[in-house]
*Asks:* 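The structure's right below; bear with me while I get my questions together.
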Number of protein chains: 2
Amino acid sequence: MRKVDPVKHERKRGEILDAAIRCFTRDGFRGASTTDICTEAGISPGHLYHYFPSKIAIIEAMIDLGLCRSAERFEKILTATDVIEALLADIEETSLRFRPAQILNLDGLAEAARNPEFAKIIERHTEAVRRMWADFLRRAQSQGRVDPGLDPEATANILIAIIDGSRAMPIRNPKLDIKQSTAHLKTMLIRFLSPPEAGSAASKPRDQRASRPLTLVRKR
Amino acid sequence: MRKVDPVKHERKRGEILDAAIRCFTRDGFRGASTTDICTEAGISPGHLYHYFPSKIAIIEAMIDLGLCRSAERFEKILTATDVIEALLADIEETSLRFRPAQILNLDGLAEAARNPEFAKIIERHTEAVRRMWADFLRRAQSQGRVDPGLDPEATANILIAIIDGSRAMPIRNPKLDIKQSTAHLKTMLIRFLSPPEAGSAASKPRDQRASRPLTLVRKR
DNA sequence: TCTTTACTAGAGAGATCACTCTATTAACAT
DNA sequence: ATGTTAATAGAGTGATCTCTCTAGTAAAGA
């Protein structure tokens, strides 16, 4: 009897999934057809359905993969000491510059808005991310980096909303000045999150004072 | 010879458009078919194409209508004296509570991300809204209500991003506490926008001091 | 070596989509 | 009253979509 080789099987599945991600990024969940995915992956329809039971299964696998990756990214962020710099670096790299993240994020949210199964996945993911941010905020609060008067969960919600919103920025304005936008986001976050003691001077110095004691995590 | 009655024609067009909006809200731009729209409007396909040359034309008309309505909403906001309260009232009513706005906004952005024609429309709209917010911010700055150190255009971009992000919040978390979220958004906006002089006290008093001199615009 | 089963191809079924074409009815101008 | 054209219906067209079915090939265990 011949047995299925799990390693080979998983590798092939991964290849198909990558092709599918390219297609979905290019044309959207509804715009990309299984035929497109087959062409992109260089396989036949029968072959595709040997690895995935349906189109929605491909999308779900893709979302799971995306969630894994964003969790990994988050772990990396968590090693940083400064919430604001960490968040900004993440926003600039992933939200403002990385097109697929912008598109798939929007597509996923739009789909979740009308597909209950999809919504479940997004809600679960959001919950996980919120918990991570809230934990981090709590830690930052106990270290005096973040205003202890802010509710961590609600603040995490707002941070997530800011990330979502920044993903829409380059779409709304393709000529967006990313450096300037990042700088303004930084100002906003510092003023929002800093403990009140740090906010007692004039506008510009206030920003500096709030961010100086924190380590930078710029990736480049 | 019989002439077309522009009033009657426009009224019928409007009815069909309303039906289309309901369909697009329910199923998305790609998910809603012309057959669905016909059923919803109670007309035949031939009839639909008597009023609109194509499906994309219906969507464009819908977006134009949305832009008109958001411009109207904005005019109303502009009559308010306080940016922050005005923005918050708008966010709470339109973004956090009004489902169609959440869905159609996401769908429109997702479509714009891959359809250049669509992108043009969204970009034009965004530009108009940004100009409105920037004007308002400038006025608020000259009145000492908003930190004059903030660049109005860049700040407007961020406000738009916040609005976009808040529209995703109820989708990411259907059990969202809207009151609490509005309160946190308010804290964030006050700390972000207030002139530096207002930010010299402790956390809670700071919020109060920044918001007290401004007139409230609560709709209810 | 031989059998079994995974791997792979591709035709095509059945549904659905955006849209067209033809035909009928109804309202206005003369 | 009558001709002209708008308003409306609905069958149908060709394209495309997801997914199935049959069948051939290759590899691993007996």
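Naming convention: chains lettered A, B, ... in sequence-line order (proteins, then strands); numbering from 1 in each chain. Heavy-atom basis, side chains included; hydrogens, waters and symmetry copies ignored.
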*Asks:* Please report, rounded to the nearest Å, how far the P atom of dA18(C) is from the CD1 atom of I56(B).
*Replies:* 12 Å
*Asks:* S44(B) has a side chain; which of dT8(C), dA18(C), dG10(D) sits nearest to it?
*Replies:* dG10(D)
*Asks:* Hey, is R26(A) close enough to E40(A) for a salt bridge, meaning N to O under 4.0 Å?
*Replies:* yes
*Asks:* Scan A41(B) against the nucleic acid and name what it touches under 4.0 Å (heavy atoms): base, sugar-phosphate only, or nothing.
*Replies:*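 No contact at all - A41(B) keeps every heavy atom at 4.0 Å or more from the nucleic acid.
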*Asks:* Can you tell me the distance, in whole Å, between the NE2 atom of H47(B) and the P atom of dT20(C)?
*Replies:*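 The distance from NE2 of H47(B) to P of dT20(C) comes to 16 Å, rounded to the nearest Å.
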*Asks:* Does T35(A) reach a base, just sugar-phosphate, or nothing at all? Heavy atoms under 4.0 Å.
*Replies:* base
*Asks:* Using whole Å, report how far CG of D5(A) lies from P of dG29(D).
*Replies:* 10 Å
*Asks:* Look at the side chain of E111(B) and the backbone N and O of R30(B), then say whether any donor-acceptor pair between them is shorter than 3.5 Å.
*Replies:*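 A pair under 3.5 Å: no.
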*Asks:* Can you measure D27(A) atom CG to dT16(D) atom P for me and round it to whole angstrom units?
*Replies:*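 Roughly 14 Å, once rounded to whole Å.
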*Asks:* Specify the separation, in whole Å, of atom NE2 of H9(A) and atom P of dA26(D).
*Replies:*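 These atoms are roughly 19 Å apart.
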*Asks:* Scan A57(B) against the nucleic acid and name what it touches under 4.0 Å (heavy atoms): base, sugar-phosphate only, or nothing.
*Replies:* nothing
*Asks:* Within less than 4.0 Å of OP1 or OP2 of dT18(D), is there a side-chain N or O belonging to K55(A)?
*Replies:*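 It does, given that an N or O in the side chain of K55(A) lies less than 4.0 Å from OP1 or OP2 of dT18(D).
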*Asks:* Ignoring hydrogens and geometry beyond distance, is the side chain of R2(B) in donor-acceptor contact with the base of dA6(D) at under 3.5 Å?
*Replies:*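 Yes.
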*Asks:* Quick one: does any side-chain atom of R145(A) pair with a main-chain N or O of A140(A) as donor and acceptor, under 3.5 Å?
*Replies:*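 Answer holds: no.
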*Asks:* Counting only side-chain N and O atoms of Y51(A), is one of them less than 4.0 Å from OP1 or OP2 of dT8(C)?
*Replies:*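 True: Y51(A) side-chain N/O within range (under 4.0 Å) of dT8(C) OP1/OP2.
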*Asks:* If you count the non-hydrogen atoms of other residues, nucleotides and ligands that lie under 6.0 Å from CD in E117(B), is the total more than 12?
*Replies:* no
*Asks:* For L48(A) and dC19(D), what is the distance between atoms CG and C1' respectively, to the nearest whole Å?
*Replies:*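 After rounding, the reported distance stands at 10 Å.
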*Asks:* Looking at the side chain of H50(B), which of dT8(D), dC7(C), dT20(D) is the nearest nucleotide?
*Replies:* dT8(D)
*Asks:* Atom CD1 of I37(A) and atom P of dT8(C): how far apart are they, to the nearest Å?
*Replies:*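 In whole Å, dT8(C) P and I37(A) CD1 are 17 Å from each other.
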*Asks:* Identify, between S33(B) and K8(A), the residue whose nearest nucleotide on DNA chain C lies closer to the 5' end.
*Replies:*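 Counting from the 5' end, the first nearest nucleotide belongs to K8(A).
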*Asks:* Measure the distance from OH on Y49(A) to P on dC7(C) and round it to the nearest whole Å.
*Replies:* 18 Å
*Asks:* In terms of the nearest nucleotide of DNA chain C, which residue is placed more toward the 5' end: P45(B) or P45(A)?
*Replies:*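 The residue whose closest nucleotide sits nearer the 5' end is P45(A).
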*Asks:* Quick test of your reading of the model: are E127(A) and R131(A) salt-bridged, counting only N-O distances below 4.0 Å?
*Replies:* yes
